[in-house]
Amino acid sequence: MTTMEASPEIIGQLAHYLTQTTSPDVAIRKGAEQALSQFELQQNFPIVLLHLVQSAETPAEVRLAGAIYFKNFVRKNWSIEDGTDRISQADRQAIKAYIVGMMLALPSALQLQIADAVTKIAEIDFPAQWQTLLPDLTSRLNHIDFSANIGILQTAHSIFKRYRSATRTDELFVEIKFVLEQFAMPLMQYLQALDATVEQNAQNATILQTLMQNIFLIAKIFYDLNCQDLPEFFEDNQATFMGLFQKYLAYENPVLETDDDADASEIEKVKAAICENIDLYAKRYEEDFQSLPQFVETVWVLLTRTGLQPKYDLLVSKAIGFLTSVVKPARHRALFENPETLRSICEKIVLPNMGLRESDEELFEDDPIEFIRRDMEGQDTDTRRRAASDLVRGLLEHFAKEVTEIFTGYVALNLQNYEANPSQNWKAKDTALYLITALSARSTTVQSGVTKVNEFIEIIPVFTQHILPDLQTPADSASHPIIKVDAIKFLMVFRSQLSKEQLLGVFPYLLNHLASDNYVVYTYAAVCMERILATKMPNGAFLFHEGDIVNVAHPILKHICDLIERNGQTPAKLAENDYLMKAAMRIIIVAKHDLEPAAVELVQRLGNIISVIMKNPSNPKFNHYTFEALAALIRFICARKPALVAEFETLLLPMFQSIMKEDVAEFKPYVFQLLSLMLDYHADGSIPELYRALLNELLVPALWESKGNIPALIRLLQSYVAKGPTLIAEKSVLNQVLGVCNMLIRVKSTAHFGFDLLATLFENVPMEVLNSYMKPVFVLILTCLSNNKGHRYMRDFVNFMARLFVIQKPDFNVDMIISTFDSLQPTPLFANILQNVIIKELEDQLTPEERKTTIVGFTNVLSFSTTMTTEPYQQAWCVTTKVLHVAI
């Protein structure tokens, strides 16, 4: 490995190629990426790259490109996979020694990129291989330069925040203990110093802003270090932390207020972070949370005094979340059981935050896809509405009747206001329906919607009187689109409370709303159809089947394709609405053969959509649903009419060839899967010329370097082997296929794919062709087996052997396999393999699929092998019999 020098010439070349990586010209961009990938092979490359990023003489755009490239370089190469280390140990040590100080001296835009790299390195190396990291950070944490300290705290938070979602293990707690020993005391001392400085600068807005940013990050780190368990340090110093948290939760200072109603001030962010912390303690450490009653009172006052401006939304949602956590446990019932307290919560906290906000209306009109995503994907967790709704459900745990009575009056009042003037008072109905949903939905799942309802509210009368009329309105009616969306969403949420006949009855209404000009309305209609058709019965079976939607399936799909194409001014815009494509996929999966008359048209339209989005594959979900829809269509239609596969190939293969030619990496695995699916519908022994011409391209090693391609490529090659064993048996082709097996089996993470392909070869290719390859293949496998002692590799090997023993061919039997292994050394080798590898793996728990193949395969060994009845195999025969008996 050559060493890169940080010479002006090299720095200039790096800057040149980094500039080109942002070029809109694909050829220039790929050329630059290839040149930089060659630089990566040289030792000292990452250090030189960091020097380029650090240099103030380098143009800002090049520094940013360099920082991003370094971040991606670390993400791609820092983890050592399959024994391949792409970064020298010298470079690793140099990076860790240099990066923290260098990062803290950078402008914020660059600092964020390098901090991301530090986080990735720490994720792998910290603490065992980077014990200097925390001392390096804490040594730079001072009580003078509060602006510089922000970078230190951000870095610490980026490292520690992974504890929030980490699995509880002994190793995790050892790491947290290590962090606490080095970081907890400096953190507390710094918080105390910040508090003193706040008092000294109460009228200095600039300094206060910086101080609040520091306190905010400390509150975040507090959560990071407390989320798994209550550390002894924080338990001992709870009074200090909670005392300061209480102070800043109630802190008010006009100089920190902002005139902007949309953006939260630094103090509001601090308060929201503190609410998260006390919420954590209320949920997890309530018995040790001595100041809980005081915080309940503080939060109550905070909520009653905080305005309705959007800048307070996050704070209010977090504060309500804390109250919800306190309300739920039965032991806190006494705090809320007073009727006046309950009414006060409902009227002063829930109702003011339950209405539709002006910002929601603006989002509905200006960014409809974001409005939909927030609602559908739970991205509204930090909204006032969601928090208020969760508080209602929390109150229902112990006060269902009382709370229902309080809110029922407000529901009725809002519905009366709406009926008095629907065009002017439509928000009243929106609030009423949201309240009804919050009150009624006691238990909800994604698969079925609401599964348990409030016993004090009857859903069917609500649906009949207030929902169905809005569903039945024409698509172009004067009814406000948000009310139409509310009706569709109500149907979607409470779908499991309606009968199958009632649900089928609303499909014409939903089809009508697909014709709406409003983006949100027609998208909700599509989503509602998809959710209804995905509904399962209590026994786990789907509620809807082929034939149920025969009259509407094609019209729905036609509408959906029209809507997708109508918005397709650019590839990114066309692929924006993955909800529509998911609905199309579900319609195809349910309708199955009912779509046969429209199959060719639908394949053509889906192919046209792919031809557009391949130019800029911007939405992975949309891409996935599109290819899944196409695959389902091919699978169901060709199962009854295999002859149609040729017509489908005529429509799709030119587009597939373009994907391969343009090297659209995201789409290649889908193409391979669809090719294998279509090839399966050709007659056995018949591989069309189009597929023959493609075979050599599929065996090029470069194609297999992308792990994302491997599963689909294996599936496609297996189709080739099954359909055309004669073609595969040609020496030049077989050598290439075995070369692929060799490459995959040598690597632990891909070995099971190699074994799958190899087993398929043994199942289909004549043994007179494979005989000469058996010994070299088995030698390779045993060599890899000796180098890979992991359980997964052993299991892959045993599954492969079981598949071999299942094969029934005139010229291939169990004793032939055993004798080939035994011929590799003077003493019987397979006896050793059986006793030390196979039997041990058979004693472990098998998956259902593994169990079937294993039992049949090794039963064949016991039943049909004459070798197994001779020494030294007789003892192994008995042990294998016992193990199989247990497995059965």
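Quantities reported herein were computed from a predicted structural model and do not represent experimental measurements.
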Item to check | With sequence neighbours excluded, residues passing side-chain hydrogen bond (donor to acceptor under 3.5 Å, both in side chains) with Gln89 | outcome: Asp85
Next on the checklist: For Phe222 together with Phe234, are the ring centres under 6.0 Å from each other?
Outcome noted: yes
Item to check | Glu175 and Tyr163: side chain donor to acceptor below 3.5 Å | outcome: yes
Checklist entry - Residues two or more places apart in sequence or in another chain: which of them pass ring pair (Phe, Tyr, Trp, His ring centres under 6.0 Å) with Phe233? => result none
Next on the checklist: With side chain to side chain donor-acceptor pair (under 3.5 Å) as the criterion, how do Arg393 and Ser389 come out once you've worked through the C-alpha distance, each side chain's angles and the decisive distance to 0.1 Å?
Outcome noted: CA-CA 6 Å; Arg393 293 192 178 99; Ser389 179; 3.0 Å; yes
Checklist entry - Can a donor-acceptor pair be found between the side chains of Thr138 and Gln182 at a distance below 3.5 Å? => result no
Next on the checklist: Please evaluate residues Tyr285 and Gln238 with respect to the criterion side chain to side chain donor-acceptor pair (under 3.5 Å), reporting the C-alpha separation (whole Å), side-chain torsions for both, the decisive distance (0.1 Å), and the verdict.
Outcome noted: CA-CA 12 Å; Tyr285 317 124; Gln238 185 179 148; over 6 Å; no
Checklist entry - Testing Gln154, Glu276, His157 for side chain to side chain donor-acceptor pair (under 3.5 Å) with Lys220, which one passes? => result Glu276
Checklist entry - Side chains of His332 and Val327: does their closest heavy-atom pair fall under 4.5 Å? => result no
Checklist entry - Run the side chain to side chain donor-acceptor pair (under 3.5 Å) check on Asn149 and Asn214 step by step: do they pass? => result CA-CA 7 Å; Asn149 290 342; Asn214 279 264; 4.7 Å; no
Checklist entry - Would Gln113 and Lys71 count as having a side-chain donor-acceptor pair, cut-off 3.5 Å? => result yes
Checklist entry - Do Asp116 and Arg75 come within less than 4.5 Å of each other through their side chains, counting heavy atoms only? => result yes
Item to check | Lys283/Asp279 salt bridge by N-O under 4.0 Å criterion | outcome: yes
Checklist outcome for this item: From the list Asp145, Leu137, Leu217, side-chain contact (heavy atoms from CB on, under 4.5 Å) with Ile152 holds only for Leu137
Checklist entry - Are side-chain heavy atoms of Tyr223 and Phe160 found at a separation under 4.5 Å? => result no
Checklist outcome for this item: dist Gln192:CD -> Leu187:CG (nearest 0.5 Å) comes out at 10.5 Å
Next on the checklist: Is the shortest side-chain heavy-atom distance between Trp704 and Asn709 below 4.5 Å?
Outcome noted: no
Next on the checklist: Is there a ring-ring contact (aromatic ring centres under 6.0 Å, His included) between Phe295 and Tyr281? Walk through the geometry before answering.
Outcome noted: CA-CA 11 Å; Phe295 274 108; Tyr281 267 55; 9.3 Å; no
Checklist entry - Of all residues at least two apart in sequence or in a different chain, which pass the side-chain hydrogen bond (donor to acceptor under 3.5 Å, both in side chains) check with Asn277? => result none
Item to check | Asp136/Arg140 salt bridge by N-O under 4.0 Å criterion | outcome: yes
Next on the checklist: Between Asn742 and Arg746, do the side chains contain a donor N or O and an acceptor N or O under 3.5 Å apart?
Outcome noted: yes
Next on the checklist: Can you tell me how far apart CZ (Arg164) and CG (Asp224) are? Round to the nearest 0.5 Å.
Outcome noted: 4.5 Å
